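Scroll down for the structure; my scribbles are underneath it.
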Amino acid sequence: MKDDIQTREDRVSNLKGLGSSRKRVEDARFTQGKGNYVDDIKMPGMLHGDFVRSPHAHARVKSINIEQAMALDGVVAVLTAKDLEPLNLHWMPTLAGDKQMVLADGKVLFQGQEVAFVVARDRYVAADAVELVEVEYEELPVLVNPFAALESEVVLREDLEAGADGAHGPRKHHNHIFLWEEGDKVATEQVLDNAEVVAEETVYYHRTHPCPLETCGTVASMDKVNGKLTLYGTFQAPHVVRTVASILSGIEEHNIRVVSPDIGGGFGNKVGVYPGYVCAIVASIVTGAPVKWVEDRMENLMATAFARDYWMKGRISATREGKITGLHCHVTADHGAFDACADPTKYPAGFFHICTGSYDIPVAYVGVDGVYTNKAPGGVAYRCSFRVTEAAYFIERMIEVLAIELDMDAAELRRINFIKKEQFPYQSALGWEYDSGNYHTAWDKALEAVQYNHLRKEQAERVEAFKKGETRKLLGIGLTFFTEIVGAGPVKNCDILGMGMFDSCEIRIHPTGSAIARLGTISQGQGHATTFAQILATEIGLPADSITVEEGDTDTAPYGLGTYGSRSTPVAGAATALAGRKIRAKAQMIAAYLLEVHDDDVEFDVDRFVVKGAPERFKTMKEIAFAAYNQAIPGVEPGLEAVSYYDPPNMTYPFGAYICVMEIDVDTGTTEIRQFYALDDCGTRINPMVIEGQVHGGLTEAFAIAMGQEIAYDELGNCKTGTLMDFFIPTSWETPHYTTDHTETPSPHHPIGAKGVGESPNVGGVPAFSNAVHDAFRPFGLRHANMPHDHWRVWKIANDLGLHV
Amino acid sequence: MPDKMHIQLTVNGRNEEFLAEPRELLIHTLRERMNITGPHVGCETSHCGACTVIVNDKAIKACTMFVAQANGSEITTIEGLGNPDSLHVLQESFREHHGLQCGYCTPGMITRATKLLEETPNPTEEEVRFGMAGNLCRCTGYQNIVKSILAAAAQMNAAQEAAE
Amino acid sequence: MVPASFEYYRPTDVSSVIALITQHGDDARVMAGGHSLIPMMKLRMAEIPHLIDLQDVAGLTGITIDGFTVRIGAMTTQTELIDHPGLRQTAPILREAALQIADPQVRCMGTIGGNVANGDPGNDMPGLMQCLNAQFTLIGPDGERTVAARDYYEAAYFTARSEEEVLTSIHFSARGGGYCYEKQKRKIGDYATAACAVTLYKEEGLCAGASIAMTNLSDVPVWSKAAGLALDGTSVDANAVKSAVEAAVADIDPSEDNRGPVDFKVYVAGVIIKRAIESAWSRA
């Protein structure tokens with residue numbers, strides 16, 4: 001046999017399985033302009049929808065006159081809340097247990113809110129008609145500050161019954177949404193009251209936006225003859241969209257097909273359901289034609305899901321030697337006009353209670369107050385697991401503040417508080433079970449890689465030179481050690497709208513030894529078609545190049561909860577491995593039959609089953625696949641297929657050590673990243689090339705967030721950052737160069753030990769960049785300054801510290 | 001409503017003649033009228049470069065050009081740079097060096113990069129970063145894009161030398 | 001994000017342009033590269049029923065250098081300014097400034113005429129033109145006239161150009177010397193937080209004339225005569241630079257925006273002006 005002459009190593013490398021830096025299969029179409037994104041979809045007779053949006057942040061809608069718009073040639077319909085009300089679609093449920101107006105029902109609550117939906121022959125006519133819809137507003141007082149909102153007599157949500165509980169318990173004020181608590185408050189306060197050292201700080205993680213390069217959009221097509229609704233769109237969770245669409249519309253779920261085509265980046269922006277989707281569906285039902293709605297960039301930034309906006313008030317206590325004894329945190333969370341956070345149902349503050357970080361903290365308490373304001377709704381996990389970036393930023397800032405309080409090196413403070421290797425699995429004070437970790441090893445590797453002690457020496461010299469007037473530049477060393485919590489999640493405590501957060505994989509092996517695998521997730525650039533095939537290649541012994549991975553079509557893919565929160569590899573990746581193992585188990589029976597030995601007498605070896613002790617007697621997986629379809633094997637069904645639904649027993653806990661070296665021009669506030677070192681431990685590494693790419697990308701988003709990216713409002717609730725002129729996305733010129741590194745601590749409960757990596761660099765990156773700014777000014781007395789650290793805010797730090805004499 | 005204009009374009013070598021409103025943006029002409037969907041719409045205010053195409057030998061942003069302005073011109077898009085049987089060096093290089101993830105910025109990136117390498121056949125990393133600053137990417141952090149372009153330049157120069 | 005409808009014209013000579021403007025009055029606008037105007041039209045912040053594209057108008061392009069005199073046609077793109085070998089030799093500050101405008105694709109379309117004509121305070125070339133004491137040639141129904149850049153800007157988007165006039169060319173005298181265009185911005189593609197153009201001459205170790213102008217630090221570009229005079233005759237020592245910076249800063253009036261509050265801008269302006277002077281002096 002030909003492949004006899006191959007070495008075992010050759011056979012392993014032919015598979016391009018786990019650990020291979022396999023080139024991506026997606027790239028052929030993307031590099032040739034043959035991707036298929038939602039705005040590329042064109043259907044016969046397709047109409048275009050466009051929104052009339054509120055210019056005001058808070059106003060009563062006195063009247064809407066659509067006459068002139070309807071009179072315009074090419075306009076087919078103009079929908080308002082009145083048209084949606086009979087269908088009970090003028091409001092829709094949010095993922096967070098609240099409801100949200102689809103179209104303004106009597107009032108508007110944020111600038112950019114959807115007021116009317118114009119449907120027209122093409123996008124130009126639709127845009128013209130939007131200008132012709134006359135809306136009369138009566139302006140109301142605007143609340144943009146959550147603390148003020150909790151004091152104000154102005155009622156934002158008049159639709160909510162006064163005094164009644166919300167989805168997450170009692171509401172203590174008409175602009176209050178929930179108080180969510182975790183940990184032991186009394187014990188924590190006791191520890192803090194009696195502590196040797198306590199550091200206090202309020203850390204604001206500003207409002208920002210995922211801003212994928214492709215905005216959100218959909219094409220809805222109602223086929224009235226067959227009663228089938230097809231919905232193409234930018235959906236990070238297509239099956240959930242199908243279920244929600246069915247519940248909302250009353251169309252039976254089997255009559256709805258949801259397709260996520262290629263997605264031009266998601267980063268959390270494409271998890272939620274937006275009014276545009278609902279309006280496009282209704283418009284298609286009303287007009288009988290397919291309706292496309294694709295938002296423009298301003299609409300994307302002003303009206304779809306923001307991220308963060310957490311005011312985190314912390315107290316951390318320690319012994320004089322620096323051993324942390326307790327952590328207390330209260331968050332005022334600005335959720336905007338509707339509570340549309342994308343979190344598992346039971347977690348209105350997501351997994352924020354991972355905020356004890358990588359440290360062994362004996363007692364802790366977290367309380368989060370959600371608040372309504374006149375800002376866009378959202379609160380999505382922008383390239384992170386639910387609220388984990390906020391948590392990591394909080395603890396990594398608190399550590400730095402504590403280091404100042406203790407007059408201690410922040411690297412050393414971290415080291416003495418890390419959870420030790422032998423403590424895993426580790427029960428955190430806030431209720432998590434960390435699966436595995438080796439923090440000290442990673443930390444030492446990172447500090448050595450950047451020559452930390454040299455850097456500190458250089459910094460000290462720089463401070464001296466600065467004080468002598470020899471330089472106007474400071475040097476900051478930004479440290480971060482983060483622990484992520486990803487892979488939501490165990491069905492027992494994680495669901496979205498009641499759907500347990502398992503995921504799935506279905507595999508069909510074709511007779512000639514190739515295969516198709518379908519998953520419940522959807523890639524938005526992560527390269528699932530490449531990496532899931534690699535998992536499978538190793539599991540089933542067929543080359544990754546012979547395996548097609550398909551996602552995103554709910555008619556063909558098994559039910560899954562989608563891709564966000566770094567859950568694809570931990571959950572769907574596990575399902576893939578387990579489905580592969582089912583294939584292998586059946587293949588073993590077939591192989592044994594073909595080799596005329598007992599099932600137990602064959603064993604799997606890379607790409608074949610061999611007779612134990614007689615490696616020259618084997619059947620390759622390719623041969624086995626063919627046999628599965630052309631031989632009658634006693635006691636074995638024909639075919640070779642498997643499906644697996646995976647309910648993870650626990651989350652996974654990737655971690656990493658990031659160090660940022662930054663030069664700061666004290667006089668202009670400009671900054672330059674001299675060096676950025678990122679060590680990630682994401683457990684088993686499936687495709688090192690893809691991992692590195694994910695790290696580069698996540699760090700760049702972190703860089704943007706820390707150094708300038710924000711959604712800002714003026715006091716009237718006008719969004720000041722609606723275009724890419726003002727919403728900071730760095731170009732190749734501003735973006736630093738990164739050095740990546742890794743350790744590998746597999747997850748003990750994941751079938752292949754993988755933990756997920758896409759979001760770690762954002763979670764760890766933000767505090768690394770921010771801490772570098774803080775560190776540069778620490779010798780001059782800075783404790784804390786809020787992000788984003790754009791030029792003027794950095795300048796302001798220097799100015800406030802008296803460095804501009 | 002103003003009259004439609006007669007427009008003539010040569011797009012990826014093909015002559016195209018049609019009537020259009022002058023306000024039609026070139027990006028929509030390509031994407032919606034001609035089904036050339038490689039160039040994308042990202043920011044709509046000429047910041048992101050996802051819509052980059054070559055018009056009369058210049059890489060420009062097609063979201064900020066009216067079809068009337070482009071009338072009479074010669075246009076090349078990503079679809080015109082290579083084909084499955086003979087890819088442009090940059091198309092291969094982006095794949096080889098993982099210079100893309102979601103793929104949305106990629107056509108504009110590669111299209112602009114072809115011009116960059118004509119302007120600066122042997123660029124430094126700094127020149128690539130400066131020369132590609134009109135194209136935003138949200139996924140890659142640019143590092144592998146820069147690597148892809150530098151590698152393509154090296155390959156093109158080697159091929160040039162071998163030919164000489 | 002699409003614009004309202006308009007009638008489009010692509011005349012081939014200036015007199016046709018003037019005729020169209022005269023015919024349509026306020027409803028007509030001329031367009032060069034369109035990279036300021038088209039985004040405004042798409043956002044429907046500018047409605048232009050009659051759009052006159054200047055791309056085919058004869059006589060609006062080209063760079064000519066005659067001794068010390070540089071003449072640049074209004075339709076010359078930033079890329080052409082950057083790539084022009086003669087200009088690089090004669091007035092390298094143009095290249096230095098143009099490279100700091102927008103990004104490569106936008107520079108292919110954006111023109112010097114479009115940059116200076118409309119009085120957008122964010123644009124870089126107006127300040128530079130004031131620094132160079134450039135003259136703008138305007139053609140209108142009543143013929144041709146020349147307006148100094150230093151007299152051209154009245155307020156944000158208000159200039160000495162009447163609505164019937166078209167800016168056709170720019171000329172200035174370039175006599176070597178030290179130069180610098182220093183700009184602080186948040187990222188490539190952004191307008192200046194603060195920017196400063198400096199030209200100066202050195203004779204026997206002393207400054208023999210300096211010109212200093214600033215971008216985006218008032219609603220118009222600011223040429224600070226006093227700042228230039230503060231350097232004149234000095235050895236551009238620390239005291240002279242300090243006086244010049246103080247004089248320049250006294251002439252600006254920045255407003256708060258997303259780039260920062262006024263006190264920051266005033267401070268940074270001082271830093272940028274100082275750096276521009278020092279850099280120019282080092283090149284003199």
Side-chain angles (χ1 to χ4, degrees), chain A residues 21 23-24 26-37 39-40 42 73 122-124 210-215 262-267 294 296-298 523-527 689-690 692-701 703 723-725 729-738 761, chain B residues 1 21 23-24 28 31-32 35-45 47-48 50 77-79 81-84 87-88 90-92 94-107 110-111 125-126 128-146:
Chain A
S21 282
K23 304 303 171 207
R24 300 199 332 162
E26 295 89 342
D27 294 357
R29 68 176 186 278
F30 292 148
T31 54
Q32 294 177 64
K34 297 297 180 193
N36 182 36
Y37 302 89
D39 200 21
D40 299 343
K42 225 173 157 179
D73 182 37
D122 65 45
R123 67 173 86 228
Y124 288 78
C211 193
L213 202 53
E214 177 203 35
T215 60
D262 286 325
I263 296 183
F267 317 120
V294 177
D296 68 30
R297 178 57 58 194
M298 273 186 104
S523 181
Q524 307 123 40
Q526 294 90 340
M689 176 192 83
V690 168
E692 192 187 41
Q694 289 287 312
V695 172
H696 291 165
L699 288 175
T700 302
E701 290 188 345
F703 170 68
T723 71
L724 296 196
M725 169 65 93
I729 295 181
T731 73
S732 48
W733 183 249
E734 296 84 25
T735 301
H737 185 95
Y738 309 107
Chain B
M1 183 159 302
E21 277 193 76
R23 67 164 165 170
E24 187 171 295
H28 293 141
R31 290 179 47 80
E32 292 176 10
N35 296 319
I36 292 171
T37 54
H40 297 133
V41 176
C43 71
E44 305 178 73
T45 51
H47 290 97
C48 82
T77 70
I78 184 79
E79 288 89 342
L81 291 178
N83 60 60
L87 291 178
H88 191 283
L90 278 159
Q91 289 173 313
E92 283 174 350
F94 268 63
R95 175 159 194 233
E96 187 62 29
H97 298 283
H98 194 28
L100 66 148
Q101 290 181 27
C102 82
Y104 201 77
C105 74
T106 311
I110 291 178
T111 305
E125 169 165 353
E126 197 171 67
V128 172
R129 285 184 178 268
F130 190 71
M132 293 304 294
N135 294 73
L136 298 179
C137 171
R138 295 287 287 142
C139 298
T140 65
Y142 305 103
Q143 195 155 318
N144 286 343
I145 290 176
V146 173

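Everything numeric in this text was worked out from a predicted model, so none of it was measured. We name chains A, B, ... by the order of the sequence lines, and we start the count at 1 in each one.
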- request: Please look at B:Leu90 and chain A and tell me whether the side chain, the backbone, both or neither of the residue comes under 4.5 angstrom of a heavy atom of that chain.
  value: neither
query: Where does B:Pro39 contact chain A at under 4.5 Å (heavy atoms): side chain, backbone, both or neither?
result: neither
field: Closest-packed option against chain A by number of heavy-atom pairs under 4.5 Å, given B:Ile110, B:Ile78, B:Asn144, B:Leu100
entry: B:Leu100
query: How are the rings of A:Tyr37 and B:Tyr104 set to each other: parallel, tilted or perpendicular (split at 30° and 60°)?
result: perpendicular
- prompt: Given that the side chain runs from C-beta out, which part of A:Gln32 has a heavy atom under 4.5 Å from chain B: side chain, backbone, both or neither?
  reply: both
query: Which one, B:Gly38, B:Gly103, B:Cys105, leads in non-hydrogen pairs under 4.5 Å with chain A?
result: B:Gly103
message: Under a 4.0 Å threshold between the charged nitrogen and the carboxylate oxygen, would B:Arg129 count as salt-bridged to A:Glu734?
response: no
- prompt: Is chain B contacted by the side chain of A:Asp39, its backbone, both, or neither, given a heavy-atom distance below 4.5 Å?
  reply: both
field: Region of A:Phe267 that comes under 4.5 Å of a non-hydrogen atom in chain B
entry: side chain
- line: Note: vs chain A, highest number of non-hydrogen pairs under 4.5 angstrom among B:His88, B:Glu125, B:Glu126, B:His97 is B:Glu126
- request: Please flag which part of A:Lys42 lies under 4.5 Å from any non-hydrogen atom of chain B: side chain, backbone, both or neither.
  value: side chain
message: When you compare the side chains of A:Gln694 and B:Gln101, does any donor N or O come within less than 3.5 Å of an acceptor on the partner?
response: yes
task: Name the region of A:Met298, side chain, backbone, both or neither, that has any atom closer than 4.5 Å to a heavy atom of chain B.
output: neither
Chain B contact via A:Arg29 - side chain, backbone, both or neither, heavy atoms under 4.5 Å: neither
message: Looking at every non-hydrogen atom in both residues, tell me the closest pair between B:Cys48 and B:Cys43 and how far apart they are.
response: N-SG, 3.2 Å
query: Measuring heavy-atom distances to chain B, does A:Pro761 have an atom under 4.5 Å in its side chain, in its backbone, in both, or in neither?
result: neither
message: Between A:Thr215, A:Ile263, A:Val690, who has the most heavy-atom pairs with chain B when the cutoff is under 4.5 Å?
response: A:Val690
Pick from B:Leu136, B:Thr106, B:Asn83 with the largest number of heavy-atom pairs that fall under 4.5 Å of chain A: B:Leu136
- prompt: Looking just at side-chain N and O atoms, do A:His696 and B:Tyr142 make a donor-acceptor pair shorter than 3.5 Å?
  reply: no
- request: Pick one of side chain, backbone, both or neither for A:Leu724, based on which atoms fall under 4.5 Å of a heavy atom in chain B.
  value: both
- request: Answer with side chain, backbone, both or neither: which region of B:Glu92 has an atom nearer than 4.5 Å to a non-hydrogen atom of chain A?
  value: neither
B:Met132 and A:Ser732: CA distance, side-chain angles, deciding distance, side-chain contact (heavy atoms from CB on, under 4.5 Å) verdict: CA-CA 7 Å; B:Met132 293 304 294; A:Ser732 48; 3.9 Å; yes
